[in-house]
Protein chains: 2
Amino acid sequence: MTSHPAASPPPPVPDSIHALDHEIRSHWPSIQHLLTELLDITPPAHDAPLTHHSTPQDITRIRRWARPGPPQPLETVIGEARAIFDHRVRINHPLFFGFIPSGTIQLSWVGDMLMAAFNAHGGGRTFGLGPCVVEEELLRWLAARLGLPARTAGGVFVSGGSVANLMSIAVARDQKLDGNGQAARGVIYLSERAHYAVAKMARGLGFADRQVHRVRCSEAFELDVEDLKEQLVADRRQGLVPFMIVATCGYTETGTVDPIEDLADIARRESLWLHVDGAYGASVALSHAHAHLVAGLGAADSVAWDAHKWLFSSFGCGMLLVRHRDHLRSTFGVHSELMDQQSGGLSEQPEPWDLSVELTRPARAMSLWFMLRVLGEERIGRMIDYGIDMADSVQARLQAREGWEILTNAKLGIVTFRYKPGTCSEEDLDRINTTISETLVEDNLAGIFSVRVSGVVGLRVCCITTRLSEEDIDRLIPQIDMTAKGVSKHF
Amino acid sequence: MTSHPAASPPPPVPDSIHALDHEIRSHWPSIQHLLTELLDITPPAHDAPLTHHSTPQDITRIRRWARPGPPQPLETVIGEARAIFDHRVRINHPLFFGFIPSGTIQLSWVGDMLMAAFNAHGGGRTFGLGPCVVEEELLRWLAARLGLPARTAGGVFVSGGSVANLMSIAVARDQKLDGNGQAARGVIYLSERAHYAVAKMARGLGFADRQVHRVRCSEAFELDVEDLKEQLVADRRQGLVPFMIVATCGYTETGTVDPIEDLADIARRESLWLHVDGAYGASVALSHAHAHLVAGLGAADSVAWDAHKWLFSSFGCGMLLVRHRDHLRSTFGVHSELMDQQSGGLSEQPEPWDLSVELTRPARAMSLWFMLRVLGEERIGRMIDYGIDMADSVQARLQAREGWEILTNAKLGIVTFRYKPGTCSEEDLDRINTTISETLVEDNLAGIFSVRVSGVVGLRVCCITTRLSEEDIDRLIPQIDMTAKGVSKHF
């Protein structure tokens with residue numbers, strides 16, 4: 001037996017898990033009680049606080065709890081956890097219109113419990129065959145709904161849009177740039193309004209900021225195709241190597257969608273990679289009445305899509321879908337070299353870890369699958385339509401009132417607007433609308449935040465949660481109106 | 001109101017979530033029943049199958065279930081989920097010695113339920129303040145246990161070791177290479193036995209395979225410092241730019257640890273980044289009797305560490321710790337440029353999303369925190385010691401029997417060995433040991449797999465689960481011995 005010089009005396013008794021399992025079992029009534037409470041907590045009541053004002057004392061207490069220290073009774077720690085989680089924004093509150101994502105449903109939570117309890121390895125078929133097969137098949141279904149070619153398309157579940165965007169840039173680089181210094185001259189194009197996550201991922205991959213070119217947006221808040229074309233000509237003339245266009249399907253500020261089909265034409269003609277950041281908007285491909293708004297997704301080379309945005313999942317469930325599954329494998333399938341020697345080439349079924357930056361990972365697909373399977377294909381589509389219709393409804397009601405200006409028409413569940421009493425300066429209008437947002441949040445009436453659109457401060461409502469009802473809107477619009485009138489009196 | 005041309009008729013009724021919440025509530029007895037079952041399932045019984053033989057018919061059935069289709073009763077889908085998860089390797093089985101990770105405990109599952117139910121945003125303090133404070137403080141505690149400097153150290157929770165390794169390479173590149181073409185001549189050093197994930201991540205970041213140099217391993221299966229020194233001299237002479245050493249703390253095959261302190265000296269002298277892939281081994285820093293085995297971790301510039309390996313968490317909980325928190329921010333804090341304008345420089349508390357590739361993400365720290373808080377600091381250390389002691393025990397019992405050869409001494413919970421009856425050729429020995437592994441798995445006696453060590457096929461036992469008891473080993477060793485004797489009769 002190997003003997004190691006002991007740095008401190010050995011433990012008094014071997015500490016196997018069996019005692020611990022037994023201990024936890026003795027707490028079963030507490031855990032069951034917790035679950036009953038969680039079932040109530042997951043859909044927050046209307047009067048639950050949207051945000052929480054945290055004092056320095058609160059933070060100090062949380063810091064004290066955060067360190068493991070001596071063992072604590074399970075019930076105590078559950079209480080601490082509840083108190084810690086109180087210090088959060090309730091993004092699934094029916095009246096939270098703040099940002100994407102929101103509106104996680106309880107079914108996702110049940111799915112997560114299943115996923116965590118079985119804790120199957122989601123990265124390799126050898127270890128988690130059942131969940132891996134579900135992932136493959138579910139991705140095939142999702143890819144088909146986007147219009148990607150059934151024969152070649154594939155994808156992988158990742159922790160979210162950022163990792164999906166990072167992976168898409170890595171794959172585009174490998175497919176479009178040679179390894180002999182082209183990377184230093186490669187250029188990625190995205191609109192000036194694209195989410196900063198994409199540029200961040202390019203930097204993470206080692207591209208200099210000067211290699212990410214911003215394309216102007218049209219008056220419709222979409223990437224301006226003409227500006228892109230001009231930049232491509234000018235950049236090539238300078239010896240740069242354009243290789244990737246990133247289109248946005250669902251801008252978080254306005255809900256607009258870039259002209260994907262036009263961009264796909266350009267990408268094809270110019271031999272560029274077309275990636276669509278559809279983290280929030282790609283879900284509209286599942287809607288019944290509005291799928292045409294995201295037409296063209298099937299022409300992309302890759303699409304980032306988050307289930308934890310508009311597919312009602314809890315955080316940590318994103319997808320990267322690609323036109324050619326082999327492209328993922330060629331960048332991330334390092335291991336497959338070894339495998340290929342054994343199998344004599346690419347085998348029919350790649351291991352999920354050969355398609356992703358991740359190796360060991362949770363069986364994420366199972367949680368989304370659980371929810372989709374219970375709800376059914378038709379209902380998930382209606383739930384997405386529902387959010388789009390609610391935003392239309394908010395816009396219609398605001399337009400029916402005096403003093404409200406729509407800044408951007410309702411699109412993909414998002415509408416932006418501002419209160420504009422006739423006599424105020426633009427400067428005052430900015431301050432009035434900022435104060436309206438602050439007042440609505442402080443009074444726990446609505447999580448509506450300000451946004452800068454076309455140089456003015458507006459208010460933004462994002463309705464993708466299905467927790468919001470017509471009755472909520474009936475109540476809310478007069479409250480917003482009254483708040484606005486009250487605020488503007490002081491200007 | 002904006003009107004869109006409808007692609008298909010609008011849904012018959014608005015489909016708010018309220019009906020759905022009610023529906024799910026009506027299923028509460030089923031969910032509660034499920035949870036009772038899951039509590040039993042999470043620690044698998046000894047007679048539960050280690051693996052599952054899946055027929056093509058099974059796979060076809062899973063594929064059929066995988067597509068959402070029409071809505072299904074919750075109870076049906078729970079049944080389907082259970083059947084799908086059956087097709088997995090039970091890596092938390094007491095007799096699964098196969099690979100890391102294993103041995104997730106039920107407390108992690110309770111922590112996951114809390115995390116998923118509250119679904120707080122783990123990426124930004126504005127949205128998930130409580131959980132973000134826990135993350136900061138817990139990382140501080142973990143960093144201190146590794147010996148990283150309290151004043152500057154920081155880190156972030158990620159989905160696992162692969163992403164942590166990827167991020168560390170990106171940060172090392174940004175800290176050590178200039179942006180003017182040095183990246184193309186940069187060289188990363190890692191041992192020939194390092195996990196292939198590291199080279200895969202380098203490739204993902206755009207480094208050519210020729211930029212990842214493999215360093216020889218010594219007879220102790222550790223990175224050979226002399227070989228590294230020679231390579232550094234030779235490579236510099238050729239105009240290459242060494243910038244990063246990746247040390248392994250806990251090789252998955254043998255449990256050995258690279259000479260981290262020596263490597264830290266070299267890194268300091270040569271101005272290289274020292275990253276330690278401690279995905280599995282870093283946990284030993286929390287042990288009471290064996291922490292000296294991973295001495296030197298505090299000298300690293302960055303350390304990858306997975307809670308879902310040897311901190312008993314379920315999948316999806318990894319950490320990247322760094323000596324200087326600002327280094328993470330400088331690579332991943334794209335957004336902070338804007339923030340800095342407002343705050344006039346680096347604010348004291350960076351947002352977690354400025355330290356990571358991820359923006360929106362689960363509040364992963366809360367699940368690990370929950371477990372550590374209930375168990376307490378002292379017990380988690382004993383649980384790690386327990387695994388190390390168990391491997392010593394396996395080794396001692398094998399050595400006490402005829403015909404067994406230890407290939408690598410028990411280290412960090414791993415021991416490799418082989419059955420070696422006197423009269424066999426090396427070729428036969430390889431086949432005998434392969435067959436022993438196959439037989440043990442087929443007979444559901446133990447998940448012990450073969451491994452190639454020093455050119456011969458051996459068997460590998462990884463004991464990091466605390467589910468394994470001394471009684472299990474008492475029973476297991478004679479079973480292995482008998483299996484080995486039975487197998488070798490046929491050679």
Side-chain angles (χ1 to χ4, degrees), chain A residues 1-2 6-8 10-11 15-17 21 24 38 43 62-63 66-68 70-71 77 81 84-85 87-89 106 109 112 114 116-120 127-130 133-134 137 141 159 162 200 288-289 292 314-316 334 358-359 362 372-374 376-377 382 386 396 409 466-467 469, chain B residues 1-2 6-8 10-11 15-17 21 24 38 43 62-63 66-68 70-71 77 81 84-85 87-89 106 109 112 114 116-120 127-130 133-134 137 141 159 162 200 288-289 292 314-316 334 358-359 362 372-374 376-377 382 386 396 409 466-467 469:
Chain A
M1 184 166 163
T2 345
S8 59
D15 195 32
S16 91
I17 197 71
D21 280 347
I24 294 171
L38 291 179
I62 294 174
R63 286 201 191 281
R67 303 173 76 86
V77 183
I84 292 166
F85 276 118
H87 298 265
R88 77 185 194 284
V89 176
Q106 286 172 315
W109 177 57
D112 287 343
L114 280 165
F118 288 100
N119 197 39
F127 308 114
L129 181 62
V133 169
V134 170
E137 195 66 24
W141 181 80
S159 66
S162 292
K200 166 177 169 154
H288 299 292
H292 62 283
S314 38
F315 294 138
V334 174
E358 292 182 310
L359 301 174
L372 293 177
R373 181 84 175 151
V374 173
E377 185 167 344
R382 277 195 287 140
Y386 183 79
N409 283 321
T466 50
R467 296 202 180 284
S469 66
Chain B
M1 185 166 163
T2 345
S8 58
D15 195 32
S16 91
I17 198 73
D21 279 349
I24 294 171
L38 291 179
I62 294 174
R63 287 202 189 281
R67 304 174 77 87
V77 183
I84 292 166
F85 276 118
H87 297 266
R88 76 184 195 282
V89 175
Q106 285 171 315
W109 177 58
D112 287 343
L114 281 165
F118 289 100
N119 197 38
F127 308 113
L129 181 62
V133 169
V134 170
E137 195 66 26
W141 182 80
S159 67
S162 292
K200 166 176 168 154
H288 300 292
H292 63 281
S314 37
F315 294 138
V334 174
E358 291 182 310
L359 301 173
L372 292 176
R373 182 85 174 150
V374 172
E377 184 167 345
R382 276 195 287 139
Y386 183 79
N409 283 322
T466 52
R467 298 203 177 283
S469 66

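Worth knowing before you read on, the calculation uses all heavy atoms, side chains too, and leaves out hydrogens, waters and symmetry mates. Naming: A, B, ... by sequence-line order, numbering from 1 per chain.
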Practice problem: Please determine, among B:S162, B:A116, B:P68, B:P70, the option with the most heavy-atom pairs under 4.5 Å with chain A. | Solution: B:P68
Exercise. For each of B:G128, B:A81, B:G316, tally heavy-atom pairs with chain A at distances under 4.5 Å, and name the one with the top tally.
Key: B:A81
Self-check item: chain A contact via B:N119 - which portion, at a heavy-atom distance below 4.5 Å
Solution: both
Self-check item: chain A contacts, top residue of B:G376, B:S314, B:A117 (heavy-atom pairs, under 4.5 Å)
Solution: B:A117
Quiz prompt | Which of A:E377, A:H87, A:E137 touches chain B most, by non-hydrogen pairs under 4.5 Å | solution = A:E137
Quiz item: What residue in B:L372, B:D112, B:V133, B:I62 has the most heavy-atom pairs under 4.5 Å with chain A?
Solution: B:V133
Quiz item: Does B:R88 reach the side chain of A:F127, with side-chain heavy atoms less than 4.5 Å apart?
Solution: no
Quiz item: What residue in B:V134, B:L129, B:V374, B:L114 has the most heavy-atom pairs under 4.5 Å with chain A?
Solution: B:V374
Quiz item: Quick one: of B:R373, B:Q106, B:E358, who has the most non-hydrogen atom pairs under 4.5 Å with chain A?
Solution: B:R373
Self-check item: Within-4.5 Å side-chain heavy-atom neighbours: A:I84 and B:F118
Solution: no
Exercise. Write down the atom of B:Y386, the atom of B:S469, and the distance for their closest heavy-atom approach.
Key: OH-CA, 3.4 Å
